[in-house]
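Values in this document were obtained by computation on a predicted structure and should not be read as measured data.
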Amino acid sequence: MSDTTEKNDFPRGPATGVGSLPGGDAREAAKTVTGSFEDFPFLAELPARGPGADMIGRTIGMLVDLYAHVEPSGWRISDRPGRDTRRARSWLGEDLDALEEFTQGYEGALKVQAVGPWTLAAALELRGGEAALGDAGACRDLAGSLAEGLHQHLTEVRRRVPGARVVLQLDEPSLTAVLRGRIRTASGYRTHRAVDRQVVESALRDVAAAHDGPVVVHSCAPDVPFALLRRAGVAGISFDFGLLTERDEEAIGEAVEGGTKLFAGVVPSTDGPLSDPGGSVMGVRTLWRRLGLNPGTLAESVVITPTCGLAGASPAHARAALAHCVRAAKSLADNPE
């Protein structure tokens, strides 16, 4: 395992995507991503293909010695790998084949995504139908299986794109709800008890340790726990910039000063008009001034992204949004003040 310095040695990349794209053509997605982001492409996810291509199913396909199948209520633990697990693995293989084809000779940052341990525990059902989140032992087993599976996946990505400096993104949209006891039980009448913050932090740290490079945690939910994520050792935090409130500002200032990379979601992820590139990053510049941060650090501290995944967008908007991220990042770098 590399030391902390190496894990936080973030490759420079002014813009990237969050993860998902519309459509079901792996080659078209890889072509779009690599054509949009010369400095920071990512392994696209295509959930429109169906169960197994969704972010939960895709990550379940990576697990080691844990299997699941699709029920009407969602993904549920199985005794052995079935059709749904095989389909998830097959689609991931297709996506890796396409990425390898369009990254021949590439050297630079490359982002891959997987669901983090707490959103996975909130979504994956045990045999009785309740979420794994309600069983501490199941949560530990799930985190251990995920860490092992991610290690294997990242090894495969490096084999296929040997020049890449891989960045691992853990998607944790349910993290705040887990911390606040807002995940509903199967009946819908109760909620699971809030998980202790130290337990949450420890599992995130253990899963992040599967990668010897930078780890980013993404959440497009309100009230991202910036301080907890920094204590867990992540190198970057990805969030919907439009959901920030004043109470987030101190934590963001501390994160920047501590060297945490901010993945600021400022470009709309659903169809609609896009502002001019400078207008998209105006809020970031304003926040920097309000926090008294050095404008000269903006370009090295911030990566521009869409507000969330683009699976719900039209293909035309998705392509426009990715291109807009690049232009907005350039505006931020060229005119930080």
Side-chain angles (χ1 to χ4, degrees), residues 19 45 47 51-89 92 113-153 168-211 215 217-221 224-225 228-229 232 234:
E45 300 164 355
D54 61 297
M55 71 177 196
I56 298 295
R58 185 183 185 93
T59 302
I60 283 168
M62 297 179 192
L63 297 177
V64 173
D65 296 332
L66 270 179
Y67 314 105
H69 65 278
V70 178
E71 292 277 342
S73 54
W75 286 88
R76 184 172 295 181
I77 289 283
S78 302
D79 290 325
R80 60 185 65 85
R83 181 183 59 193
D84 297 326
T85 302
R86 287 194 295 272
R87 188 168 50 209
R89 291 173 177 170
L92 179 57
Q113 306 81 219
V115 175
W118 295 108
T119 296
L120 199 57
L124 181 59
E125 298 173 0
L126 301 176
R127 289 175 180 82
E130 285 293 354
L133 184 66
D135 183 323
C139 288
R140 284 192 297 273
D141 291 346
L142 193 55
S145 174
L146 177 60
E148 193 172 341
L150 282 173
H151 179 74
Q152 293 180 9
H153 175 55
L168 170 64
Q169 176 180 301
L170 297 175
D171 290 316
E172 282 284 14
S174 300
L175 183 59
T176 300
V178 166
L179 288 164
R180 296 186 177 178
R182 293 179 181 167
I183 301 293
R184 295 209 165 273
T185 57
S187 69
Y189 296 123
R190 295 187 302 109
T191 56
H192 288 280
R193 184 180 297 133
V195 181
D196 182 87
R197 296 180 82 84
Q198 288 186 314
V199 173
V200 169
E201 184 184 320
S202 175
L204 284 168
R205 187 183 296 109
D206 289 348
V207 172
H211 183 36
V215 176
V217 170
H218 166 73
S219 173
C220 48
V224 174
L228 182 150
L229 293 173
V234 305

S.K.: Got more than 12 heavy atoms from elsewhere within 6.0 Å of CZ, Arg87?
M.R.: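 Counting other residues, nucleotides and ligands, CZ of Arg87 exceeds 12 neighbours.
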S.K.: Scan side-chain atoms only and decide if Thr185 and Glu130 contain a donor-acceptor pair under the 3.5 Å cut-off.
M.R.: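 No donor-acceptor contact under 3.5 Å links the two side chains.
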S.K.: Which of these passes side chain to side chain contact (heavy atoms under 4.5 Å, CB included) with Met62: Val115, Leu150, Leu146?
M.R.: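 Testing Met62 for a side chain to side chain contact (heavy atoms under 4.5 Å, CB included) against Val115, Leu150, Leu146 leaves exactly one candidate, Leu150.
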S.K.: Would you compute the distance between atom CG of Leu66 and atom OG1 of Thr85 and round it to the nearest 0.5 angstrom?
M.R.: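 With rounding to 0.5 Å, CG (Leu66) is 10.0 Å from OG1 (Thr85).
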S.K.: Do any N or O atoms from the side chain of Thr191 and from the backbone of Gly181 form a donor-acceptor pair under 3.5 angstrom?
M.R.: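 Flag set: sc Thr191 to bb Gly181 pair under 3.5 Å.
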S.K.: Could you grab the distance from atom CD1 of Ile56 to atom CH2 of Trp75, nearest 0.5 Å is fine?
M.R.: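 Those atoms lie 10.0 Å apart.
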S.K.: Where is the tightest heavy-atom contact between Met55 and Pro173, given as atom of each residue plus distance?
M.R.: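 Between these two residues, the closest heavy atoms are CE-CG, 3.6 Å.
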S.K.: Please name the residue in the list Leu170, Leu168, Leu229 that meets the side chain to side chain contact (heavy atoms under 4.5 Å, CB included) test with Val234.
M.R.: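 For Val234, the side chain to side chain contact (heavy atoms under 4.5 Å, CB included) check succeeds only for Leu229.
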S.K.: Partners of Asp79 by salt bridge (charged side-chain N to carboxylate O under 4.0 Å, His left out), sequence neighbours excluded?
M.R.: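 With sequence neighbours excluded, Asp79 shows a salt bridge (charged side-chain N to carboxylate O under 4.0 Å, His left out) to Arg127, given in chain and number order.
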S.K.: Any side-chain heavy-atom pair from Arg76 and Leu124 closer than 4.5 angstrom?
M.R.: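 They are not in contact (no side-chain heavy atoms under 4.5 Å apart), so the answer is no.
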S.K.: Is there a side-chain contact between Leu142 and Pro117 in this structure, where contact means two heavy atoms from C-beta onward sitting under 4.5 Å apart?
M.R.: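 Side chain of Leu142 against side chain of Pro117, heavy atoms only: no contact under 4.5 Å found.
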S.K.: Nearest 0.5 Å, please: how far is CG in Leu92 from NE2 in His153?
M.R.: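 Here the interatomic distance stands at 5.5 Å.
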S.K.: Does Thr119 reach the side chain of Asp171, with side-chain heavy atoms less than 4.5 Å apart?
M.R.: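 No, too far: nothing below the 4.5 Å cut-off.
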S.K.: Output yes when a side-chain donor or acceptor of Glu45 lies under 3.5 Å from a complementary backbone atom of Asp54, and no otherwise.
M.R.: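 No: the side chain of Glu45 does not pair with the backbone of Asp54.
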S.K.: Do you know which two heavy atoms are closest between Cys139 and Ala132, and how far apart they sit?
M.R.: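 Of all heavy-atom pairs spanning Cys139 and Ala132, the closest is SG-O, 3.4 Å.
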S.K.: Do Leu120 and Leu63 touch side chain to side chain, with heavy atoms closer than 4.5 Å?
M.R.: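 In contact.
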S.K.: Is there a side-chain contact between Leu175 and Ser219 in this structure, where contact means two heavy atoms from C-beta onward sitting under 4.5 Å apart?
M.R.: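 No - every pair of side-chain heavy atoms lies 4.5 Å or more apart.
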S.K.: Minimum heavy-atom separation for Val178 and Ala122, please, with both atom names.
M.R.: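 That would be CG2-CB, 4.4 Å.
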S.K.: Can you list every pair that meets salt bridge (charged side-chain N to carboxylate O under 4.0 Å, His left out) and has a residue in residues 176-199, with sequence neighbours left out?
M.R.: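 The answer is Arg180-Asp223.
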S.K.: Check whether any side-chain heavy atom of Tyr67 sits under 4.5 Å from a side-chain heavy atom of Ile77, and report yes or no.
M.R.: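 With C-beta onward as the side chain, the pair stays apart.
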S.K.: Are any side-chain N or O atoms of Trp118 and backbone N or O atoms of Val200, one a donor and one an acceptor, separated by less than 3.5 Å?
M.R.: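 Looks like yes, one N/O pair under 3.5 Å.
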S.K.: If only atom types and distance count, is the side chain of Ser145 paired as donor or acceptor with the main-chain N or O of Val64 below 3.5 Å?
M.R.: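 Yes: the side chain of Ser145 pairs with the backbone of Val64.
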S.K.: Taking all heavy atoms of Ala88 and all of Gly61, pick out the closest pair and write down the distance.
M.R.: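 For Ala88 versus Gly61, the nearest heavy atoms are CB-CA, 4.2 Å.
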S.K.: Just wondering, are more than 12 heavy atoms of other shown residues or ligands nearer than 6.0 Å to NE2 in His69?
M.R.: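 Counting neighbours around NE2 of His69, more than 12 heavy atoms of other residues, nucleotides or ligands fall under 6.0 Å, so yes.
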S.K.: Of all heavy-atom pairs between Glu125 and Ser73, which one has the smallest distance, and what is that distance?
M.R.: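 Closest pair (atom of Glu125, atom of Ser73, distance): OE2-OG, 2.7 Å.
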S.K.: If every non-hydrogen atom of Ala147 is compared with every non-hydrogen atom of Ala210, which pair is closest and at what distance?
M.R.: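 Closest approach of Ala147 to Ala210, heavy atoms only: O-CB, 3.2 Å.
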S.K.: If you define the side chain from C-beta out and look only at heavy atoms, does anything of Val207 sit under 4.5 Å from Val215?
M.R.: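 No - every pair of side-chain heavy atoms lies 4.5 Å or more apart.
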